[in-house]
Participant: 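Have a look at this one.
Reminder, nothing fancy here: chain letters follow the sequence lines and each chain counts from 1. Heavy atoms only: backbone and side chains are in, while hydrogens, waters and symmetry mates are out. Just so you know, these numbers come straight off a predicted model, no measurement behind them.
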Amino acid sequence: MRYTLKEEGNLISYHEKHLTDFGLAEFAGKVDFLQGDISNLIAKFKNYDLVLVENAIEQTYDPIKFLKMIHKRMNKNSTLIIASTYNWKENIIESEKRVGGFRKDGESFTSLDGLTEILSKYFLLEGQQIDIPFIYRENARMFKHYFSQVMIWRKKS
Amino acid sequence: MQRVTKTINLQSGDPEEKRKEILMYFHNSFDLEEKLFETLRGDDSYFLRADPLRHPLIFYFGHTAVFYINKLVLARILDKRIDPKFESMFAVGVDEMSWDDLNKAHYDWPIVEAVRSYRNKVRNTIDRLIKQLPLTMPIGWGNPFWIIMMGIEHSRIHVETSSVLIRQLPRDEVVQTDFWDYCHEQGISPENELLPVPSGQVKLGKVKDHSIYGWDCEYGSRKVNIKGFNASKFLVSNHEFLKFIEANGYHKKEFWTEEGWNWKEFQQAEFPRFWIKEEECWKFRTMASIVNMPWNWPVEVNYLEAKAFCNWLSKETGINLRLPTEAEWYRLHDQSNIPDQPEWEKAPGNINLEYKASPCPVDKFKFDDLYDVIGNVWQWTDMPIDAFPGFDVHPLYDDFSTPTFDNRHNLIKGGSWISTGNESTKHARYAFRRHFYQHAGFRYIETDQPVILPENLYEEEPDVTPYCDMHWGEDKFGIPNYQKTLADLALNFTEKNSRQHALSIGCKVGRTAFELARKFNKVTGLDFTVRHLKAGVAMQNKEYCDILSRKKVT
C-alpha cells in the first residue's frame, strides 16, 4: 500500500508498506473489510467471539444505542474491548446522546461511569481499565499525543 | 566528439578507469547537446515557442546545465552556486498538462551568448568535480557520482525532447547539418501481418544494484503472466496509417476515446503532426528537413491517435486489436533475445544515434520474427505508468516520476533513433500525457486479454494518510504501535476462548484487523468511511504480499 505524508508546507514524502514487512502476509486472506454504521448496525454483523471497538464510540452519532445492542451480536463467553479517548465529536453526537463527560444530578458523570452503567447489565468487567497512548502525526514537526482508556468486558452467560 | 556512446557500468571496474569513462561520457553528452542546437538557424530561433505548451528552446539550452548545479548543491557536493539567477530561471520546465493549458507567462530570457557562457562555466565545474571527487565503486544511489550520472542522463533525455521541439519549429528556423543527416532510404511499405508470441512470465523492474544508471521508477519488481498473443510484424507505417485517414478516421467519433475526441476537436487534427499536405501531395517533416512522404517509415502519432487507429482496424478486420501493455512489450523483448545497452557491439536497431538522424523503413531492423522491437521510434503502450512494488523516490529528485503516477501518463517503450544512454535500455520507463508528441509510434497486438489499469496509486487523502502512518509507520517517541498493542491485548485475553470470528470496529486502514487474524479464523474490519477501507484492501493486493524481502536504499 502506498501513501504520501505531509512534511512541511507543500512538501510531502512517499511511503510503501507491505504485509510481509509485519509478518502478516499469510493472514491476509482471513480479513474482510466492510463499511458499516455502528449506530445502526445491520443484522448480518453477528456471532462474534471478540468485538474490539477502536476509538469508534466517540465518533458515532448514537453510541448509547450501540453499547446497549452489541451484546446481541456476540457469542457466549465472548469478549468486548472498548478503547476510547472520550473525545465526543460535538458535530456528530448530540449532547444528550453522550455516554458521559457531563454533570448528572449535580455531580460529575464521567464517560467511564457511563460505560460502566450501560455495559455492566450485559457484561462483567475484567480487571481495571488501562490507558494506552498513541500518536497522530499532523506533519513532520507536529504530533498529537492521545491516551485511550481501554476496558475489557466478558459477556454474561 | 563521439556520437555513439554507452551508458556506464556503475557496479564494477577500476575507480580511476571509471573516472575517465565518466569524464568522457560527460563531455560527449555536453557536446551532443551543443551539436543539436547547431541546427537552429540563428539566435532568434532559440526564443520561438515551438510548442505552445512548452518553453522556447533557450530554456532547454540553459536547463540541462542548471540541473547539474542545482542537484549538486542540493546534495551538498557543491557549496557555491555559479549564477543564482540562472539557476532559478532555468530550473523548472513546463509539465505538459492539458492540451489547452497554454503557457502564457512572460519570461525575460537572457541572450544566447550569456547562456552559452554559463554552460561553459558549468562544463568546467563538472569537469573539475569528476576529476577531483573521491570515487569509490560501486556507484549507488548515495554516491556523489550518481548525481553526476543523473545530470548526464537528464541531459540526454533533453537531447531527445528538444529534438522533438526543433522538429516542431518552422522549417526555415532550422538548418540541416551533416551530423543530423536523415535516412535517405524510402520505398514501398511492406504488408503488415500478425505473428504469434507465446505465453510466458515476464519480470519487470530492476534491482537496486543493477549495473547501470536508472530513474527511480525503474526499480522494484513485478511479475506478470502473459497469455500468448499475436503481434504486428512491423510498426505501423505511414502507409498503413494512411488507410485510417482515407477511411475518414479522424472524423469518426466511434473510434476515439472521449479524451482522444476532445483533443482532436480542440486541435482540429486531420492527420499526424509531422505530415504535411501540399495540395494533393503528402510531404514529411524530419527534425530539420522536409522530404517526400516516406511511406515505409513508422508513423509517428500520439497515444490517442494510435488508440483510434487500433479501434478502427479492429472494426475493419473483426479482430480484437489494441496496443500492447508494458508487460506485453517485455514479452516481445524477451522473445527476441535482444542484448541491452551497453552490452551490444553495434546497436541491433535504429537507436542510440548509431545510424541516421531520423526514423528508417519499418522493414530494416529485424529481431527474430518481428521488426523494430527496440529503436526507430518509441512504441506507445496501453498502460499508464505506475510504481513497481518496492519503489522508492530518489531523495535528490523526488519529482521525476511521482507526478506521473496518475493514470494519465502512458508508458512508451523501445526507444527511438535519438534515444541514448538510459533511454536506450530495456528497463527505461518514460511516460507522457496521451496527447503528447514524441518520436513515437506503435505496433498493435491481437489479444482477448483486457488492459487492467494500475490501482496502487498513492493514497493522498489528508484524512486517510495520517492513519496509514499511525497503523503502518515507524513507532514514534518510543510509543509502540497502538493497533498492535490493542490487538495483542485482545489476543492474550482470548487465549483460552473460542476464536472463530472477530469484529474490528473503527478499523480504519486495517492494522488491528490483520493483527487479530494471527489467531482468529476470520476477522471483519468495519469502518464508517469507505475511503479508509480502501487502504486496508490495498494491503491485501497480492503483489504486495508476494515480496519476501525488500532492499533499502543505501
Side-chain angles (χ1 to χ4, degrees), chain A residues 1-6 12-38 41 45 47-57 59-60 73 75 77-79 81 83 126 130 132-138 143 145-146 148 150 152, chain B residues 387 389-391 393 402 456-460 462 465-466 468-470 472-473 476-477 479 482 485-486 489-490 493-494 497-507 510 512-518 520-528 530 533 535-540 544-545 547-548 550:
Chain A
M1 192 253 300
R2 290 168 176 153
Y3 56 95
T4 59
L5 288 179
K6 191 169 174 177
I12 54 175
S13 56
Y14 295 87
H15 304 270
E16 177 177 312
K17 299 291 174 181
H18 300 225
L19 285 179
T20 40
D21 301 340
F22 304 89
L24 290 169
E26 58 183 297
F27 311 115
K30 297 203 277 181
V31 180
D32 277 322
F33 291 104
L34 295 167
Q35 196 267 344
D37 174 5
I38 59 167
L41 197 62
F45 292 103
N47 301 333
Y48 299 107
D49 296 313
L50 168 72
V51 174
L52 198 167
V53 189
E54 183 180 329
N55 304 85
I57 55 168
Q59 311 228 19
T60 190
R73 310 296 179 88
N75 293 337
N77 206 28
S78 58
T79 308
I81 299 180
E126 296 276 351
I130 46 175
I132 301 183
F134 67 92
I135 301 289
Y136 179 97
R137 182 189 189 278
E138 294 272 355
F143 301 83
H145 190 168
Y146 291 86
S148 272
V150 181
I152 304 177
Chain B
F391 169 80
V393 289
T402 51
N456 42 357
L457 302 176
Y458 280 85
E459 176 62 61
E460 291 181 313
T465 59
C468 296
D469 176 64
M470 187 192 293
W472 304 107
K476 293 166 187 71
F477 312 114
I479 293 173
Y482 177 55
T485 305
L486 281 181
L489 186 74
F493 198 78
T494 53
N497 303 108
S498 162
R499 292 203 280 206
Q500 275 305 313
H501 195 176
L503 180 65
S504 171
I505 291 176
C507 68
T512 320
F514 287 118
E515 294 286 348
L516 291 175
R518 289 180 191 276
F520 276 82
N521 286 339
K522 183 168 158 52
V523 180
T524 299
L526 184 139
D527 202 278
F528 192 62
V530 177
L533 297 175
V537 171
M539 284 304 266
Q540 293 171 305
Y544 290 89
C545 299
I547 294 187
L548 294 177
R550 293 202 294 136

Participant: Answer yes or no: is there a donor N or O on one side and an acceptor on the other, between the side chain of B:T494 and the main chain of B:A490, under 3.5 Å?
Facilitator: yes
Participant: Examine whether an atom of A:N47 lies under 4.5 Å from a heavy atom of chain B, and if so say whether it belongs to the side chain, the backbone or both; otherwise answer neither.
Facilitator: backbone
Participant: Under the side-chain hydrogen bond (donor to acceptor under 3.5 Å, both in side chains) test, which residues partner A:N75, sequence neighbours left out?
Facilitator: A:D49
Participant: Can you tell me which portion of B:T485 sits under 4.5 Å from chain A's heavy atoms? Options are side chain, backbone, both or neither.
Facilitator: side chain
Participant: Answer with side chain, backbone, both or neither: which region of A:V150 has an atom nearer than 4.5 Å to a non-hydrogen atom of chain B?
Facilitator: side chain
Participant: Report the option among A:I12, A:L41, A:L5, A:I81 that has the most heavy-atom pairs separated by less than 4.5 Å from atoms of chain B.
Facilitator: A:L5
Participant: Heavy-atom distances under 4.5 Å only: say whether A:I132 touches chain B with side chain, backbone, both or neither.
Facilitator: both
Participant: Side chain from CB out, backbone as N, CA, C, O: work out which of these in A:F22 comes under 4.5 Å of a heavy atom of chain B, or both, or neither.
Facilitator: both
Participant: Could you measure the distance from the CD1 atom of A:I38 to the CZ atom of A:R73? Nearest 0.5 Å is fine.
Facilitator: 11.5 Å
Participant: Quick one: are A:R2 and A:Y14 in side-chain contact, heavy atoms under 4.5 Å?
Facilitator: no
Participant: Quick one: which of B:L489, B:N521, B:D527 has the most heavy-atom pairs under 4.5 Å with chain A, could you say?
Facilitator: B:D527
Participant: What part of B:R518 gets closer than 4.5 Å to chain A, counting heavy atoms only: side chain, backbone, both or neither?
Facilitator: both
Participant: Let me know if A:I130 has heavy atoms under 4.5 Å from chain B in its side chain, its backbone, both or neither.
Facilitator: side chain
Participant: Which atoms of B:N497 are under 4.5 Å from chain A, going by heavy atoms: the side chain, the backbone, both sets, or neither?
Facilitator: side chain
Participant: What residue in A:Q59, A:H145, A:E54, A:E126 has the most heavy-atom pairs under 4.5 Å with chain B?
Facilitator: A:E54
Participant: Measure across B:I479 and A:P133 and return the closest heavy-atom pair with its distance rounded to 0.1 Å.
Facilitator: CG2-O, 3.7 Å
Participant: Any chance the side chains of A:N55 and A:S148 put a donor and an acceptor closer than 3.5 Å?
Facilitator: yes
Participant: With no hydrogens and no angle check, do the side chains of B:T402 and B:Y458 hold a donor and an acceptor under 3.5 Å apart?
Facilitator: no
Participant: Return the option, out of B:E515, B:K522, B:H501, with the maximum number of heavy-atom pairs under 4.5 Å with chain A.
Facilitator: B:H501
Participant: Could you look at B:L526 and say if it's the side chain, the backbone, both or neither that has a heavy atom under 4.5 Å from chain A?
Facilitator: both
Participant: Should A:F27 and B:V523 count as side-chain neighbours, where that means a heavy-atom distance under 4.5 Å?
Facilitator: no
Participant: Centre-to-centre under 6.0 Å for A:F143 and B:F477, is that the case here?
Facilitator: yes
Participant: Quick one: sort the B:F514 and B:W472 rings into parallel, tilted or perpendicular, breaks at 30° and 60°.
Facilitator: tilted
Participant: Would you mind telling me which of A:K6, A:Q35, A:H15 has the largest number of heavy-atom pairs within less than 4.5 Å of chain B?
Facilitator: A:Q35
Participant: Measure distances from A:T4 to the heavy atoms of chain B and classify the residue's part below 4.5 Å as side chain, backbone, both or neither.
Facilitator: both
